[in-house]
2 protein chains.
Amino acid sequence: MSIDAARPTINDVAERAGVSRTTVSNALNGKGTIGAETIERVKRVADELGYEPNAMARGLRQSKLGVISLLIRPLESLDTAMPEGVDYFLRFAGSAALAAMDHGYSLMLISDPTKPGAPPSSLAADGCLVEAPIRNDPALTLLDRKRIPFVAVGVDPARADAFPAIAQQTERDTRLALDHLLDAGARRVALVTGTDENSWNAHARRGYEQWAAEHGIEPMIRARDETSGVDGGRTVAHELLTGDAPPDGVYCLTGRHAAGFVAGARELGVGVPDDLLVVAGSDAVMNRTSTPTITALDLRPVETARLAVDALIRLLDGEPVDWSSLDPASELVVRDSTSRRNGDAAVTA
Amino acid sequence: MSIDAARPTINDVAERAGVSRTTVSNALNGKGTIGAETIERVKRVADELGYEPNAMARGLRQSKLGVISLLIRPLESLDTAMPEGVDYFLRFAGSAALAAMDHGYSLMLISDPTKPGAPPSSLAADGCLVEAPIRNDPALTLLDRKRIPFVAVGVDPARADAFPAIAQQTERDTRLALDHLLDAGARRVALVTGTDENSWNAHARRGYEQWAAEHGIEPMIRARDETSGVDGGRTVAHELLTGDAPPDGVYCLTGRHAAGFVAGARELGVGVPDDLLVVAGSDAVMNRTSTPTITALDLRPVETARLAVDALIRLLDGEPVDWSSLDPASELVVRDSTSRRNGDAAVTA
DNA sequence: GCTACTAGAAGAATCGATTCTTGTAAATCG
DNA sequence: CGATTTACAAGAATCGATTCTTCTAGTAGC
């Protein structure tokens, strides 16, 4: 329970070993030319004292802290702490942390650095990952202005090519989902998006509109707040299914909305998959274990996070990055909500 | 896409504004006595240049970075990236990040700092949270030696009172689960633990043994690697249910083992809850949405993380902490696997 | 025997801020 | 009108490392 007794510094080690700071630094880092005996002694003393170089001092000198930060935009709008179903972000963060560690970095979770009360440490990292930036995202503007290297995951819808980004193939993914609904027998397909102004919602909408036009389908689009969760899905189900021309297929971008839509349909006596086919745009655990299980697009958060971290670290090292090759390749996982087969089948993008 | 053009420092601002470093610092931080006009000018110049104080330099001077780190012990043994079902840790991490932000800190996810390749930044934080330390945990020893303030969540089973910790009431929780199984009609209750040597497994085992002795129940204990997941639960179900005196109730500490146990039982024609009652010691999303839904102990990761962060920050601020009052109060969420009622019912600890 | 080199280690500058001390005008006071 | 404040700002030390430069013996070369 001891917090007192300040941590030993390089000076303490130097003094106790009877050498200079320089010698301690060189001895411990294997640089310069130091006698074997001296190295031995310095190491022993350092160990005795429990000396550990101060990461800030070292970082200051080398202008490199060994930390990358992660800003998850959608979490800013979720006021409550981590409701169930935000699997995508949690798995993304976990995978990013592991990928960062592989490169000798730690991962720091930060809040919006443009907000007034933001911790100064939110800009201390060597580089930053921004998940799902919003339209004209002020965080991207800030990072750019401060010259902090960053990689966005998903583009800023208003500035698609302005910044380094892992551009998710949302339009292609959307077609994958919609085509699957068509193949499975749906003829009137609706779209339920979130309300955040990120590329995910924007591009899915655009993809849907084009697809609907191509197939001569009357567009039916509803938007529900991401935070509304399962309940938002339920209400939109009531709205659409009790209308004049109810859909027989629906593509809900978030897993929670999809789960809610299924629940809402059941309340109205609409059976899934018999009367209604449902696809979720993000694969959450609840989609895999619910009854019926729900067909979903696996956005591969684990792989995407790793790609993003790798790209950011190349950026930090001044190495070239081929942005066009960074395609996470989503996969549609077919489940009960669009078929009566048992077991999962995969349709790769 | 610009990374060049080094970030402006306080000296750049000072020069451009025609004042000294000191004045810039004071003007921006509202300290000292500076003329209103000068403050105005300095702020304008700082803004023009996109100046942001270097967090490392500031941290070095003030010996405080504004970062706390989180070491999740069980993740060290999980080699693959975040398998489904590790909800507890993900929610814990997410909640801790939000709680830290409330206090003006960022949360850094780190890997075992005692491992050779560990990033130096893993010891750069102002304080550290250690989730589920193992027996004689070397990370705790290291943190103690380096004099880095830390709070453990769960005790080191070999050194229960040696370090500041949020002591989870595992034995009490275990009784809660076991008593519930008894109430629901089970007479031969088995325990399935993990193999990590943390207080969770150790105390649950101890609690079970005492409880079994008190109730004259023959102890049946099996341990399965935490990493074995659903499959581990399935195999242990086969092992126990095909034995001489199969249990009619089982308490699986991890949610994945519980789910696997249910699946294994079904394969053997053993119905849940008709022939077998199942309780999980950790509430995962899959327990809520599976068929049947599984009764589980909600360990309240969100609340626990917040308590831990608050305690750590009090420690950092040199304020007293009443460790005995930090009780997350688990709750048993009763579901289909131990009853035929519909809906959830809660039994508070 | 004297220069040239090398090994080993010390000295000093540096990274970018904060903070303690000092200095210099103008304003106030008795 | 001389002595003190006061307001404002500059100067210098400091945080804890790394790194570039310099110094000093001892050894080798001729």
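So that the names make sense, note that chain A is the first sequence line, chain B the second, and so on, each numbered from 1.
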* Once you build an axis from the first five pairs and another from the last five of the helix from C:dG1-D:dC30 to C:dG30-D:dC1, how far apart in angle are they, to 10 degrees? -> 60°
* Please list, chain by chain and in numerical order, all residues satisfying side-chain hydrogen bond (donor to acceptor under 3.5 Å, both in side chains) with B:K31, sequence neighbours excluded. => none
* To do: With a 4.0 Å heavy-atom cut-off, tell me which residues in residues 43-50 of chain B come close to DNA chain C, sorted by residue number.
  => none
What N/O pairs connect the protein and nucleotides 5-8 of chain C at under 3.5 Å? Give each pair on its own line.
from	atom 1	to	atom 2	distance (Å)
C:dG8	N7	A:T33	OG1	3.0

* Asked: Going 5' to 3' along nucleotides 16-25 of chain C, which nucleotides have protein heavy atoms under 4.0 Å from the base (write B), which only from the sugar-phosphate (write S), and which from neither (write -)?
  -> BBBBB-----
Quiz: residues 128-142 of chain A side-chain donor-acceptor pairs under 3.5 angstrom, not counting sequence neighbours:
from	atom 1	to	atom 2	distance (Å)
A:E131	OE2	A:Y88	OH	3.2
A:R135	NE	A:E197	OE1	3.1
A:D137	OD1	A:R73	NE	3.3
A:D137	OD1	A:R73	NH2	2.6
A:D137	OD1	A:A139	N	2.8
A:D137	OD2	A:R73	NE	2.9
A:D137	OD2	A:I134	N	2.9
A:T141	OG1	A:D137	O	3.2
A:T141	OG1	A:R159	NH1	3.1
A:T141	OG1	A:R159	NH2	3.4

* **Non-neighbouring partners of A:D310 that pass side-chain hydrogen bond (donor to acceptor under 3.5 Å, both in side chains), sequence neighbours left out** => A:H103
* Under the side-chain hydrogen bond (donor to acceptor under 3.5 Å, both in side chains) test, which residues partner B:D317, sequence neighbours left out? -> none
* With the side chain counted from C-beta on, respond yes when B:P113 and B:L71 share a heavy-atom pair under 4.5 Å apart, and no when they do not. => yes
* **salt bridge (charged side-chain N to carboxylate O under 4.0 Å, His left out): pairs with one or both residues in residues 95-109 of chain B, sequence neighbours excluded** => B:D102-B:R306
* If a pair satisfies salt bridge (charged side-chain N to carboxylate O under 4.0 Å, His left out) and one of its residues is in residues 46-60 of chain A, list it, with sequence neighbours excluded. => A:R16-A:E48, A:R44-A:E48, A:E52-B:K146
* To do: With sequence neighbours excluded, give me every ring-ring contact (aromatic ring centres under 6.0 Å, His included) pair touching residues 118-155 of chain B.
  => B:F150-B:F163
* **Check: A:L70 and A:I110 side chains under 4.5 Å, non-hydrogen atoms** => no
* To do: Please name all residues satisfying side-chain hydrogen bond (donor to acceptor under 3.5 Å, both in side chains) with A:S122, sequence neighbours left out, ordered by chain then number.
  => none
* Does a side-chain N or O from B:S20 land closer than 4.0 Å to OP1 or OP2 of D:dA10, or not? -> yes
* To do: Look up atom CD1 in A:I39 and atom CG in A:L28, then write down how far apart they are to the nearest 0.5 Å.
  => 9.0 Å
* Asked: Under 3.5 Å, is there a donor-acceptor pair between the A:T22 and A:S25 side chains?
  -> no
